[in-house]
Amino acid sequence: MEPNSLKWVGSSCGLHGPYIFYKAFKCHRLDGPPRILSLGDFFLVRCKPEDPICIAELQLLWEERTSKQLLSSSKLYFLPEDTPQGRSVSHGEHEVIAVSEKVVVRLDDLVKWTVPDPSGWAPGQRAEPLKAAQVLRQLGRNGQREALHRYRESTLTSGLNFRDIQRERAQLVK
């Protein structure tokens, strides 16, 4: 994949008027390896060089059929000290504040906003990925495995099948 290129990953997941909706895209910036971002992913962004780093949650991806414009909708989360009101004693140590409006931008602009090196984001705790097999084994002992599967299907993916995205991500790691 060429640097600064974008490509939809997986099949489309819906049509509405002139819009085709997708679950994920693959991007390759000059300053990092190729990356796949899918609906529900959280990643670090900086809207302008002088702006603070914030967290983006990818909520919608679509293409306008007539203009072929690739678009995205994300929800942004800022540290309290990076908001007009600032941090107060009522804020939690690792709290972030959600912006009330979603941000709709061209996909290539969103990729330019991404922060390839997360070392600029110092607050918070380091998140370690869960090993699904270990979690399922433990939940199976407690009789909760089926409940976990139903929860994941209903809330994390809204019923969308992400197997094609997972396969593509696995190939990136090789």
Side-chain angles (χ1 to χ4, degrees), residues 4 6 9 13-14 16 19 21-62 64 69-132 134-136 138-139 142 144 147-160 162 165-166 169 172:
N4 291 329
L6 296 169
V9 175
C13 61
H16 183 73
Y19 307 117
F21 295 91
Y22 292 89
K23 298 176 280 190
F25 70 97
K26 186 179 192 178
C27 60
H28 186 190
R29 289 176 44 135
L30 290 172
D31 55 359
R35 182 176 183 183
I36 294 175
L37 292 172
S38 64
L39 299 178
D41 281 355
F42 291 84
F43 50 98
L44 298 176
V45 296
R46 177 178 276 141
C47 303
K48 292 186 234 168
E50 65 274 9
D51 286 349
I53 293 176
C54 65
I55 300 169
E57 176 187 5
L58 191 57
Q59 296 190 328
L60 217 62
L61 294 167
W62 71 98
E64 203 283 323
Q69 190 156 291
L70 311 181
L71 300 163
S72 67
S73 175
S74 299
K75 188 166 188 81
L76 299 181
Y77 301 85
F78 287 88
L79 291 170
E81 55 268 24
D82 295 329
T83 65
Q85 295 80 17
R87 182 173 287 278
S88 72
V89 294
S90 65
H91 289 116
E93 181 182 358
H94 302 296
E95 185 168 350
V96 291
I97 309 294
V99 175
S100 60
E101 299 293 322
K102 291 174 178 46
V103 177
V104 175
V105 296
R106 291 186 334 219
L107 205 50
D108 57 340
D109 289 335
L110 181 69
V111 170
K112 289 175 191 169
W113 288 4
T114 60
V115 176
D117 178 18
S119 65
W121 179 270
Q125 299 171 331
R126 186 113 189 118
E128 296 295 329
L130 293 174
K131 291 192 168 106
Q134 292 173 332
V135 171
L136 289 174
Q138 183 63 34
L139 289 172
N142 299 334
Q144 298 173 351
L148 175 66
H149 284 297
R150 281 195 311 272
Y151 172 78
R152 281 186 178 158
E153 288 299 314
S154 67
T155 61
L156 299 180
T157 65
S158 302
L160 294 175
F162 279 76
I165 312 303
Q166 292 166 341
R169 275 194 175 130
L172 268 185

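Below, all heavy atoms of this structure are taken into account, side chains as well, without hydrogens, waters or symmetry copies.
- Residues Leu44 and Ile55 meet the side-chain proximity criterion, which asks for heavy atoms closer than 4.5 Å.
- In terms of heavy-atom proximity, His28 sits nearest to Pro33 at CD2-C, 3.8 Å.
- Annotation for Val115 and Arg46: closest pair CG2-N, 3.8 Å, computed over non-hydrogen atoms.
- Taking CZ of Arg87 as the reference point, atom CG of Asp82 lies at 9.0 Å (rounded to 0.5 Å).
- Lys26 is not listed as a side-chain neighbour of Leu6, based on a closest heavy-atom distance of 4.5 Å or more.
- In plain terms, the two heavy atoms of Glu95 and Ser90 that are nearest each other are OE1-O, 4.1 Å.
- Side chain to side chain, Thr114 and Arg35 fail the donor-acceptor criterion of an N or O pair below 3.5 Å.
- If you take CG on Asp41 and CD on Gln59, they are separated by 12.0 Å, rounding to the nearest 0.5 Å.
- Counting only heavy atoms from C-beta outward, the side chains of Ser38 and Val9 never approach each other to under 4.5 Å.
- Residue Trp113 holds its CH2 atom at 8.0 Å from OG of Ser74, rounded to the nearest 0.5 Å.
- Closest heavy-atom contact between Leu61 and Leu107: CD2-CD1, 3.7 Å.
- Distance check: Ile97 CD1 to Leu79 CG gives 9.0 Å after rounding to the nearest 0.5 Å.
- Here the OH-CD distance, from Tyr77 to Glu57, works out to 4.0 Å after rounding to the nearest 0.5 Å.
- In this structure, the side chains of Phe25 and Leu70 stay at 4.5 Å or more apart for every pair of heavy atoms.
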Quiz prompt | Verdict with supporting geometry, Leu37 and Ser72, side chain to side chain contact (heavy atoms under 4.5 Å, CB included) | solution = CA-CA 11 Å; Leu37 292 172; Ser72 67; over 6 Å; no
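- Between atom CZ of residue Phe78 and atom SG of residue Cys54 there is a gap of 3.5 Å, rounded to the nearest 0.5 Å.
- Environment of OH in Tyr19: sparse, with no more than 12 heavy atoms of neighbouring residues, nucleotides or ligands closer than 6.0 Å.
- Lys75 approaches Ala98 most closely through the heavy-atom pair CE-CB, 3.8 Å.
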